[in-house]
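Throughout, protein chains are lettered first and strands after them, A, B, ... in sequence-line order, and every chain is numbered starting at 1. Both backbone and side-chain heavy atoms feed into the values below; hydrogens, waters and symmetry mates do not.
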Amino acid sequence: MINWKVILNIAKTHLMTKMKSTVTAALGVTFGIGAYITLVSFMTGLNEMLDSLILNQTPHIHLYNEIKPTEQQPISLYDEFKNSVHIVHSIKPKQSQKKIHNALPILNYLKNNKKVKGATPQLRTQIFYLSGSIELGGNLVGIDIMEETRISNMRDYIIGGSPEALKNAENGILLGSGLAAKMSLTVGDRVQISTVRGDVFPLKIVGIYQSGIADIDNIQSFANLKTVQRILGEAQNYITDINIKLFAIEKAPTIAQNLASQFKVTATDINQANAQFETGSNIRNLITYAVSITLLIVAGFGIYNILNMLIYEKMKDIAILKATGFSGRDVQLIFMSQAMIIGAIGGILGLIIGYGLSRLIDNVAFETEALPTITTYPISYNIAYYVIGITFALLSTFVAGWLPSNKAKRIDPVRIIRGT
Amino acid sequence: MKLVLETKNINKHFRKPNDFHVLKDISFRIKKGEFTSIMGKSGSGKSTLLYILSTMDTDYTGELYLNGQLVTGKPHEELSTIRNKHIGFVFQFHYLLSEFSVLENVMLPAKKLAEKSHVEIEYGAMEKLEMLHIGHLANQRASRISGGEKQRVAIARALINNPSILMCDEPTGNLDSHNSENVFNIFKRLKEEEGLSLLVVTHDEDFAKRTDRIIQMEDGRIIS
Ligand SMILES: Nc1ncnc2c1ncn2[C@@H]1O[C@H](COP(=O)(O)OP(=O)(O)O)[C@@H](O)[C@H]1O
Ligand SMILES: [Mg+2]
């Protein structure tokens, strides 16, 4: 039977009479936890921001038709040469088209698939932008604009005009911001484009697209799928790319494989595309935890020292307590309680300070072209960090309190009372 | 008559720095309500014996009975409870918890025992303090009172759980004759009015002579 009331009362009295040490020890914990919360909120905020930047701009699965030589060349199909060395020079891809062979059935299939959040057809083609005497090479991407804005954050990157304007315009174009700057064009102006074959079309600028990546913004523009098909003189089923968003991103590799074999197209998934990306996140997490744990270890040593000193000073008290019927475990609990009280108070204070600092950072202005929707530094508020933080605090004070309190538990009262 | 304390062939050695047979075949009995004193030269083993009898020291051979029950060999937790409930102990140096008030010092063992409510414990503690004529000090810090007063607070603390026996190691050793007399009278009254059993180590011949019985020790043996 542990008599918590008495134990906590004694612990409290010890802490109160040693206010300075108590405060110092608690502040150590506060510092560690505060730093952890701030760091982890900020780093995770950054990670999530970068993640969403990549994830939203990159389809989970990208289907297209890669032009490459047939893997099974005629010579390897011929049995007579099976055991011979094949020497055929200058193998070329079979005359082929960039078009995905049966794009419409694939799209249909995907739209009825429960794992797929959305699939958008694209038609990418090379064009020239003509403006007066200027002729700039670039791309035009035909898209289903409303479907694109539904499954990606494309809307955020349209800095003038709107997706709806493109949808409603027969010959509209969302001009890349770099192109617009080079050609001194703005929304409402007209731009002439020429296909590779030399046909010229006038298009009306209904919006400016800015991804923040200069290499893209200097060459790429968007128009409605139908518009591009018409410009190229192709049928409605002429589609070069299909972008797929899934409900569960983890399934991307398997689904990509299935699609590739089922429809004989090339399918890349986001994990292939962004393998390096994980590394950045992991390193940021590593830094956060390394710094926080270091601070907590320092705080833990502080608590360890203070408790050790306290126990040394309180030898006589411990002897009296034991002589009057407190057990070794009671004595240990008295000192463990002190450690845990320091940990709890310091930890909670640390959570509050961490939250305060996070709010502060959250309000600091941070603007970048690449992230049109971001105006302040990103902070991730997640209750889990606060739970981890307080657990950290209690755990480290528990470890720091264990050794000294265990020593107190084993103090032999007879030796103290004898005075040797 | 009932025995409150009995020892059978208690022997103890100190092994460090070298083997030293400090207690030799200690066997004696104390009856309920008896006021016994232990005398002997310095170094004869009186304190060592008292620490064994109070169950704080368990490193000995032989048997120790309290209220007819064998306590030798019981686990530490249980011994703590026995000390708490059945044994009052007063040291030569009236150790009190200096950060607590006089009243809290007295109440602490009863709070640990937790058999009574806080109010009852406080009432009992005040009663003990008043019996020892130090009721007015109840709310003083324990570090702020005189030596004689501290010793009486220590006695009040030892009595708070109404123990079977009160053990004292030279309780008057640090007190002047007036305060010594005072302490003796308190003990006498406790024995007569409450039937308390007492075992008091003392150097004071006058003190010892007025007790029921004197145990003489020499070189770790009881000689009479
Ligand atoms: N921890 C110890 N280690 C070795 N010898 C000790 C220890 N404690 C006490 N002694 C010795 O045991 C003897 C008895 O001590 P003690 O019981 O304190 O005597 P008394 O109380 O009768 O003066 C003394 O000679 C003392 O030096
Ligand atoms: Mg002694």
Atom of Ser327(A), atom of Ser80(B) and distance for their closest heavy-atom approach
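Taking every non-hydrogen atom into account, CA-OG, 3.3 Å.
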
Just so I know, are the side chains of [X] and [Y] near enough to count as touching, which here means a heavy-atom distance under 4.5 Å?
X	Y	answer
Ile320(A)	Leu96(B)	no
Leu321(A)	Lys112(B)	no
Leu97(B)	Thr13(A)	no

For atom [atom1] of [X], is the number of surrounding heavy atoms from other residues, nucleotides or ligands below 6.0 Å larger than 12?
X	atom1	value
Lys74(B)	NZ	yes
Lys316(A)	NZ	no
Lys251(A)	NZ	no

Check whether Arg329(A) reaches the backbone of Glu77(B) with its side chain - one donor and one acceptor, N or O, closer than 3.5 Å.
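Flag not set: sc Arg329(A) to bb Glu77(B) has no pair under 3.5 Å.
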
Does Phe326(A) offer a backbone N or O that forms a donor-acceptor pair with the side chain of Asn84(B) under 3.5 Å?
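Here the side-chain-to-backbone pair does not exist.
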
Take Tyr95(B) and Asp317(A), measure what side-chain contact (heavy atoms from CB on, under 4.5 Å) needs, and give me the verdict at the end.
CA-CA 8 Å; Tyr95(B) 291 128; Asp317(A) 288 25; over 6 Å; no

Hey, are Thr48(B) and Arg418(A) close enough side-chain-wise for a donor-acceptor pair under 3.5 Å?
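A pair is found: one side chain offers a donor N or O, the other an acceptor, under 3.5 Å apart.
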
Electrostatic pair Glu99(B):Lys314(A) at N-O distance under 4.0 angstrom
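Salt bridge: yes.
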
Tell me, for Ile10(A) versus chain B, whether the close heavy atoms (under 4.5 Å) come from the side chain, the backbone, both or neither.
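When you check distances to chain B, atoms from both the backbone and side chain of Ile10(A) fall under 4.5 Å.
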
Is it the backbone or the side chain of Leu108(B) that comes under 4.5 Å from a heavy atom of chain A, or both, or neither?
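Both parts, backbone and side chain.
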
Could you measure the distance from the NE2 atom of His76(B) to the CZ atom of Arg410(A)? Nearest 0.5 Å is fine.
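CZ of Arg410(A) is found 12.0 Å from NE2 of His76(B).
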
Assess the residue pair Met56(B) and Ile417(A) against the criterion (side-chain contact (heavy atoms from CB on, under 4.5 Å)); give the C-alpha distance rounded to whole Å, side-chain angles, the decisive distance to 0.1 Å, and a yes or no.
CA-CA 11 Å; Met56(B) 279 193 281; Ile417(A) 291 167; 4.0 Å; yes

Where do Arg157(B) and Thr324(A) land on the side-chain contact (heavy atoms from CB on, under 4.5 Å) test, with the steps shown first?
CA-CA 9 Å; Arg157(B) 181 180 64 194; Thr324(A) 56; 3.9 Å; yes

